[in-house]
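Have a look at the structure below, then the notes.
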Amino acid sequence: MLSGWLRVILFSVVCLGGFLILFLMYYKSVPSRLCPPHPAVSVSYSRKHENSSLSKKQPEKPMMLLWFWPENRKFDFSDCATLFNIDGCHLTDDQSLYEEADSVLIFHKSIKNDLTNLPSIRPPFQEWIWYHMESPTNTVKIPGIENLFNLTLSYREDADIPVRWRLTARKGMGEDFVLPKKDKLVCWIVDDNNAETETGVRSKYYSELVKYIKVEDLGNLRSEDYFSVLSSCKFFLSFENSIHKDYITEKLNGPLVAGTVPVVLGPPRQNYEVFVPGDSFIHVNDFPNAKAVAEFLLKLDKDDSAYLRYFQWRKNFSAQRHLVQLNQEFIQAICYACDHVGKHRDYRVVHDIYKWHFG
Ligand SMILES: *[C@@H]1O[C@H](CO)[C@@H](O)[C@H](O)[C@H]1NC(C)=O
Ligand SMILES: *[C@@H]1O[C@H](CO)[C@@H](O)[C@H](O)[C@H]1NC(C)=O
Ligand SMILES: *[C@@H]1O[C@H](CO)[C@@H](O)[C@H](O)[C@H]1NC(C)=O
């Protein structure tokens with residue numbers, strides 16, 4: 001039997017409880033105006049400190065160790081941020097940090113034939129990246145590295161980290177293109193291989209071509225003159241040193257930047273068109289022989305409106321200057337690797353790297 005007092009108290013408690021519940025429900029459903037919504041919880045990408053993913057710390061950047069300086073051309077790692085806005089990893093060349101490094105970037109050409117200059121132990125979380133930008137023709141096979149790597153860095157589009165200079169799409173209309181002043185017809189630069197001794201397709205084609213048209217060898221251009229001198233040529237021979245899928249180097253990018261028409265020798269036209277518009281270059285394969293190419297160039301030299309059509313693509317795309325100084329040669333690839341490891345945590349085992357590279 002409940003007394004009158006007890007009933008009153010019980011009733012009040014029930015009422016208060018109900019009120020409280022209603023209040024709480026209301027309170028929860030009103031979005032807070034003061035606090036921004038919480039970001040989705042991001043999983044820390046540190047593997048070796050699995051532990052710290054529970055703490056509220058910013059996920060730390062993975063560490064990438066550059067095992068060799070390619071051809072001893074050093075640069076300041078902060079260039080990745082200043083030149084490419086890349087800051088996704090902690091880059092180091094300090095080999096004593098090896099055991100902590102999440103990724104190790106290994107320049108193929110620096111590996112000794114007996115592998116004695118590679119690390120011997122290997123932490124289980126660590127990924128090794130094979131860094132090689134040469135075509136199969138210019139690749140020396142080092143035995144024993146076929147199954148050492150987890151990622152590939154190459155000029156090839158199907159590499160884990162493909163590296164090349166790309167056109168960028170223009171937003172809106174670009175400013176009207178003004179053709180640079182021209183005082184040379186056809187130019188080229190003999191670089192990696194000596195034209196006298198080279199026996200490849202490139203030098204055969206070149207020696208055939210010069211029978212019908214004058215070609216200026218720009219020789220050893222100073223890097224600061226590279227783009228301006230290229231601009232003064234109507235055509236530039238973008239002849240690759242060997243012919244392989246995707247092996248299209250900055251020999252193409254240079255004239256596109258400079259306002260010069262590239263005459264290309266390399267993989268088939270369709271492969272070029274993956275990267276640049278089909279009307280931005282002249283492909284030697286579109287002609288029966290070098291003589292026909294020369295005649296075509298001489299004809300274009302007399303036909304300004306036909307020549308200018310090779311610059312139409314600039315309405316929709318722009319080319320960016322690649323780094324031309326010798327000591328800058330490896331910056332792009334190393335920075336791209338840093339960007340990749342900062343963004344992707346998945347890696348794999350590359351089986352038979354040579355089968356892939358040479359295949
Ligand atoms: C985190 O690591 C510390 C030592 O570094 C260890 O004592 C602790 O048990 C770990 N905690 C978890 C949740 O693994
Ligand atoms: C990386 O590659 C090596 C060599 O093939 C392999 O032993 C290792 O398990 C791979 N690492 C990961 C995390 O997949
Ligand atoms: C540029 O892009 C526009 C729209 O995508 C297209 O219609 C036009 O043909 C392109 N022009 C050139 C020269 O490629």
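We count ligands from 1, going down the list as the structure has it; atoms in each ligand are counted the same way.
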Residues in ring-ring contact (aromatic ring centres under 6.0 Å, His included) with Trp69, at least two apart?
Phe75, Phe77
Residue pair Glu295, Lys291: steps toward the salt bridge (Lys or Arg N to Asp or Glu O under 4.0 Å) verdict:
CA-CA 6 Å; Glu295 283 164 358; Lys291 179 166 182 273; 3.2 Å; yes
Let me see the working for Asp158 and Arg156 under salt bridge (Lys or Arg N to Asp or Glu O under 4.0 Å), right down to the final yes or no.
CA-CA 5 Å; Asp158 63 353; Arg156 278 178 56 155; 2.8 Å; yes
Classify the angle between the aromatic ring planes of Trp165 and Phe84 as parallel (below 30°), tilted (30 to 60°) or perpendicular (above 60°).
tilted
What are the distances between nitrogen or oxygen atoms of ligand 2 and protein nitrogen or oxygen atoms, counting only those under 3.5 Å?
from, atom 1, to, atom 2, distance (Å)
ligand 2, 2 (O), Arg122, NH2, 3.4
ligand 2, 2 (O), Asn150, OD1, 3.3
ligand 2, 2 (O), Asn150, ND2, 2.4
ligand 2, 5 (O), Asn147, O, 2.9
ligand 2, 11 (N), Asn150, ND2, 2.9

Hits for salt bridge (charged side-chain N to carboxylate O under 4.0 Å, His left out) against Asp301, two or more places apart or cross-chain, chain-then-number order -> Lys234
Which pairs pass disulfide bond (SG atoms under 2.5 Å apart) with one or both residues in residues 229-278, sequence neighbours excluded?
Cys187-Cys233
